[in-house]
Structures are given as structure tokens and as C-alpha cells.
Amino acid sequence: MNDHTVLIAGAGPTGMMLAGELALAGVDVAILERRANTDLSGSRAGGLHARTLEIFDQRGIADRFVAEGKPMQTAGFSGITLDISDFPTRFNHGLALWQKHIERILAGWIDELGVPVQRGVEVRGCTQDDSGVDVELADGTRRRAQYLVGCDGGGSAIRKSAGIAFPGTEPTVSNIIAEANLAADAPWGVRRDQFGIHGMSKLEDRGLVRIMVTEKQVGAGGEPSLDELSEAMIAIYGSDFGVHRPTWISRFTDMTRQAAAYRDRRVLLAGDAAHVHPPDGGQGIQTGVQDAVNLGWKLAQVLNGASDDSLLDTYHAERHPVAARVLRHTLASVALRREDERTQALRGMIADLLAVEQARKNLAATLTELDIRYELGTPEELAAHPLLGRRMPDLDLGDGARVFTLLHGGRSVLLRFRASDIDASPWVDRIDEFDVRHPGAWELPALGAIDGPSAVLIRPDGHVAWVGAQGSSRLSDALTTWCGPPS
């Protein structure tokens, strides 16, 4: 007997976003979280990019994050800021907001949706059969579900237990980050030297200081101790400034790894469990949230009986290339952070190139993940219309409505902008249909103006699965692929 239909290991941003997506679709889901409480201290991630804010807007919760964060231009490559204020999106900026606040807001959302989070529960592994997955816990007990999703970080016990390979590059540099108290005044701000980037800044929280220091040698695995933090600070600054009472210490490296498969039958991976990389560019949370939004509705449709189990294979097919691109960019960004004269010269040349408008737009669209395009059609169809497979713009539709408000329920949406004879009635129980005012010219980030089609089919994740130019017969094919066979 199943304890829940779906169990998620890990209550980070990825796990909570996935749980919210499943709950919206009426799936019985629960999260198992190793941390015993929600009193989060410390934050590796410090913000949200434009596409992540759009995703939250698609579910009607973006305003919760905007209310607590600070809008700013967060997109950048190896320290080179990329302004997106001219991008055609309601969020033509990033949002400075520490991860502990991001998690708190998401926790409030999934609590409203009735998702149980079982804390102080450490997952050690899993075994699966044709009907479900047994989840092994550290206390020796087991839980069972039809599907298990590992959102349990780079050291994922779920991934290891499923036997999924995790190839990648070994670390060449490591950093310690911490939030702690100092007994003496310190040189505030960022400094660079031949070893890397270091910095200290005051936080508003209880007089704490946020510290980041590059270690002179690659640190050992695992979480660092206060002594290791002190030694690293002395090596760089000549003093540890009386560092004491840390609330949080962690280490990250420039290692990159990616799961060879995001799915093994009834076990799936998302977020850091599927891909790890250095935090350059701030794409970790962003990629994990998009993993969750891509997987959630697909898993729900399989469980609700609308689609065949093979729909889950499209999760790996679509998301694995996205994370591979993120890993490639972060490797390049880390390489450009080196402070030898040759790398400094190369970084200067890259900065000159990114001053060219189209180069800046192309890279900024990639780093903010506004340019993601899934192959949702034949090569000829993808070439025929630039919108197919891309994110749907949040167009104003008149009378206060806009596209993203129609996606709040997490269902596929068919929009008709012009009268046509297209018929989606066999899928009426699985999609929402609207006849709306045509908004005129459309714009896509880095691509500019495009011709708006007569109609579009938008998947729950906000990507366009069909455009009117393809004809009504292809609409039936797209509906069958993404919403299941006609009733």
C-alpha cells in the first residue's frame, strides 16, 4: 500500500515547486526533508532571474517574491553585467532575494495547497518494482509511493541508489562561504588576487557578516569547519578578524556533473540531484525550478490516466540539454575569473564583445533562460515559426486579462486570436480554451518582432506546443502528444 502517490526527497526550491505543481493537478504528494525545521540560516543563492519570475507569475505567486526582493540587473557572465531592461518581459530585471526567503515563500505556497512536508526525515535509498518505489529512511523504516523524485541535492542518495551515473569535471578551485560574527573590523567589499575572488559584507541580520573566501588549495569534501574557515581567511587576509559563532558554513567548487539519465522507470531526478555546477551566473535555482515545472504536469497526467507513461521520457529529452548548456557556460565563466594577465586580457576582450547589442542580448537571453526552445515539432515546423517550442509571451488580452493569468491553474491553454474552425472538443476536460483579442505585434527576447499566429496551444509550463500556421490536423497531433488521446 502506498503512503502517497508521489514522494519527493528534498524541500529545497526544486522539491517545493514540484510539489506545488503536482498538488495543483490533484496528485497526492508529500515531501521528505532531512532538515528538522524551517529556520533557515545562510543562503548560497541570492536571487531570481527573469524566467523564474515569469514561472512564478504563471502560477500567480510572483508578487510574493517581488514584495520581499529588490529588482536589479542580476544577469551576468564572469563579472560582466548584462542589462536586460530592454527585453520584452514584465520582469526585465532579476530580483535580489536570499534563498532562505525564496524557500520560506514557497513553503507558504505549498502549505496553502495542502502539501505535507515531513521534516527530520533522511532518505538513504530506494528500491523499485513494476508498481511502485520503496523509500529507505535513516531510521530503518520505509515509505512507499508510485513514483519517487530525488530533489535531494548534488550528493543525492536517490540518484546513487538508482544507479544513475553522474559524470562530469573534477574541481580545480574551491570556496568557503559563511555567515558569522567578527570580533574586529574587516576590509569590506570584494577583492581579487591570483587565488580567486574573496569578499566580506555586513548583513542586517543580528550583526552577521557574509564571508566568501577562495581556498589556496582545493578543499576536502564535505562541509567545512570553523577552523577551516579561519585558516582560509588568514591565508588570504592575514587575519580571521576573530571570526566566531557562525550560523552557517558551506563549501562550493567549480566541479560540474550531470546525471546520465533523469529517469529510471519510477525514479526521477530534478534540480541539483540531476546537475551540479559552480554558482557563477546564479542559474542553480532557476534551472531546478524549471525542471520542476517541466516534470510536474507530465507526471500528473500520467498519474491521472490522461497520458501514457512514455510522456515522462520527454522530461529528460527536454531538460538534459538545458542543464548541459548551463554547465558549459559556468565552466567558461569560472575560467574567465582567473586573475593571471592572459585571462584578464581575455576577459577584457569578452567584455568588449558583449558591448555589442546583439551579442549582449543573445547571451543575456541564455543566462536568464528566456530563450529556451524545446523541439516541439519537426525541423521544418520549427523553422516555419519562431514561437513553436519557446516560452509564450505574457500578452495583454484585454479586459485586464493576460496570458499568464490563464495559466494559474497549471493546465494547457488553447488561445484563438482569430476566428477559425479548429476543434479541440475531444480534449475539453483537459485544456482551457479562450477566444481573445489579437495583441498585434509580438516580441521575443533577442529575436525581436514576430508575426503573431491565429492560435496557439500553450503547455502548462508556458511553452508553445502548436501554432495556428501548422493547421488543425497538427493541433490534434499536439493535443494527443501533450494532453493524451482524445476522449
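Counting begins at 1 with the first residue of the sequence. Since the structure is predicted, the reported quantities are computational estimates derived from the model, not experimental observations.
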For [range], which residue pairs qualify under ring pair (Phe, Tyr, Trp, His ring centres under 6.0 Å), counting only residues two or more places apart or in two chains?
| range | value |
| --- | --- |
| residues 63-89 | F56-F65 |
| residues 342-387 | Y374-H463 |
| residues 329-356 | none |

Ignoring hydrogens and geometry, is there a side-chain-to-backbone donor-acceptor pair from [X] to [Y] under 3.5 Å?
| X | Y | result |
| --- | --- | --- |
| H198 | M212 | no |
| S333 | S78 | yes |
| R59 | L407 | yes |
| S225 | E228 | yes |
| S156 | A273 | no |
| D57 | A62 | no |
| T314 | A317 | no |
| D340 | T343 | yes |
| Q301 | W482 | yes |
| E381 | T378 | yes |

inquiry  = Between S174 and F252, is there a side-chain heavy-atom distance shorter than 4.5 Å?
reply    =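 Contact flag for F252/S174 side chains = no.
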- prompt: So do the side chains of M17 and I55 get within less than 4.5 Å of each other, counting heavy atoms only?
  reply: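 When only atoms from C-beta onward are counted, I55 and M17 do touch, with a gap below 4.5 Å.
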- Item | Residue pairs passing the salt bridge (Lys or Arg N to Asp or Glu O under 4.0 Å) test where at least one lies in residues 78-89, sequence neighbours excluded |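 Qualifying pairs, neighbours excluded: D86-R360.
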Quiz prompt | Pairs meeting criterion salt bridge (Lys or Arg N to Asp or Glu O under 4.0 Å) with involvement of residues 382-391, two or more places apart | solution =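 Residue pairs with at least one partner in residues 382-391: E54-R391.
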For [X], give me all partners under side-chain contact (heavy atoms from CB on, under 4.5 Å), at least two apart in sequence or on another chain.
| X | result |
| --- | --- |
| L327 | T256, Q258, H275, H277 |
| A9 | V123, D152, I158 |
| P88 | E443, P445 |
| L226 | L229, V243, P246, I249 |

Can a donor-acceptor pair be found between the side chains of [X] and [Y] at a distance below 3.5 Å?
| X | Y | value |
| --- | --- | --- |
| W297 | N294 | no |
| D371 | T366 | yes |
| T330 | D280 | no |
| Q286 | T52 | yes |

Between [Y] and [X], is the closest basic N to carboxylate O distance under 4.0 Å?
| X | Y | value |
| --- | --- | --- |
| E369 | R325 | no |
| K216 | D193 | no |
| R347 | E339 | yes |
| R245 | E179 | no |
| D461 | R459 | yes |
| D432 | R411 | yes |
| K100 | E68 | no |

| Contacts of type ring pair (Phe, Tyr, Trp, His ring centres under 6.0 Å), residue F434, not counting sequence neighbours |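 Partners of F434 by the ring pair (Phe, Tyr, Trp, His ring centres under 6.0 Å) criterion come out as none, since no residue qualifies.
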Please say which of T14, I102, D272 ends up in a side chain to side chain contact (heavy atoms under 4.5 Å, CB included) with I285.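 Of T14, I102, D272, side chain to side chain contact (heavy atoms under 4.5 Å, CB included) with I285 is met by I102 alone.
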Evaluate E21 against L299 for side-chain contact (heavy atoms from CB on, under 4.5 Å), listing each step before the verdict.
CA-CA 10 Å; E21 293 291 289; L299 183 52; over 6 Å; no
*For the residue pair H316 and Y262, does the interplanar ring angle fall in the parallel (under 30°), tilted (30 to 60°) or perpendicular (over 60°) class?*
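Judged by the thresholds at 30° and 60°, the geometry between H316 and Y262 is perpendicular.
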- Which residues pass the side-chain hydrogen bond (donor to acceptor under 3.5 Å, both in side chains) test with T253, sequence neighbours left out?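 For T253 there are no side-chain hydrogen bond (donor to acceptor under 3.5 Å, both in side chains) partners, ignoring immediate neighbours.
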* **Contacts of K361 that satisfy side-chain hydrogen bond (donor to acceptor under 3.5 Å, both in side chains) - sequence neighbours left out** =>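 Partners of K361 by the side-chain hydrogen bond (donor to acceptor under 3.5 Å, both in side chains) criterion, ordered by chain and then number, come out as E357.
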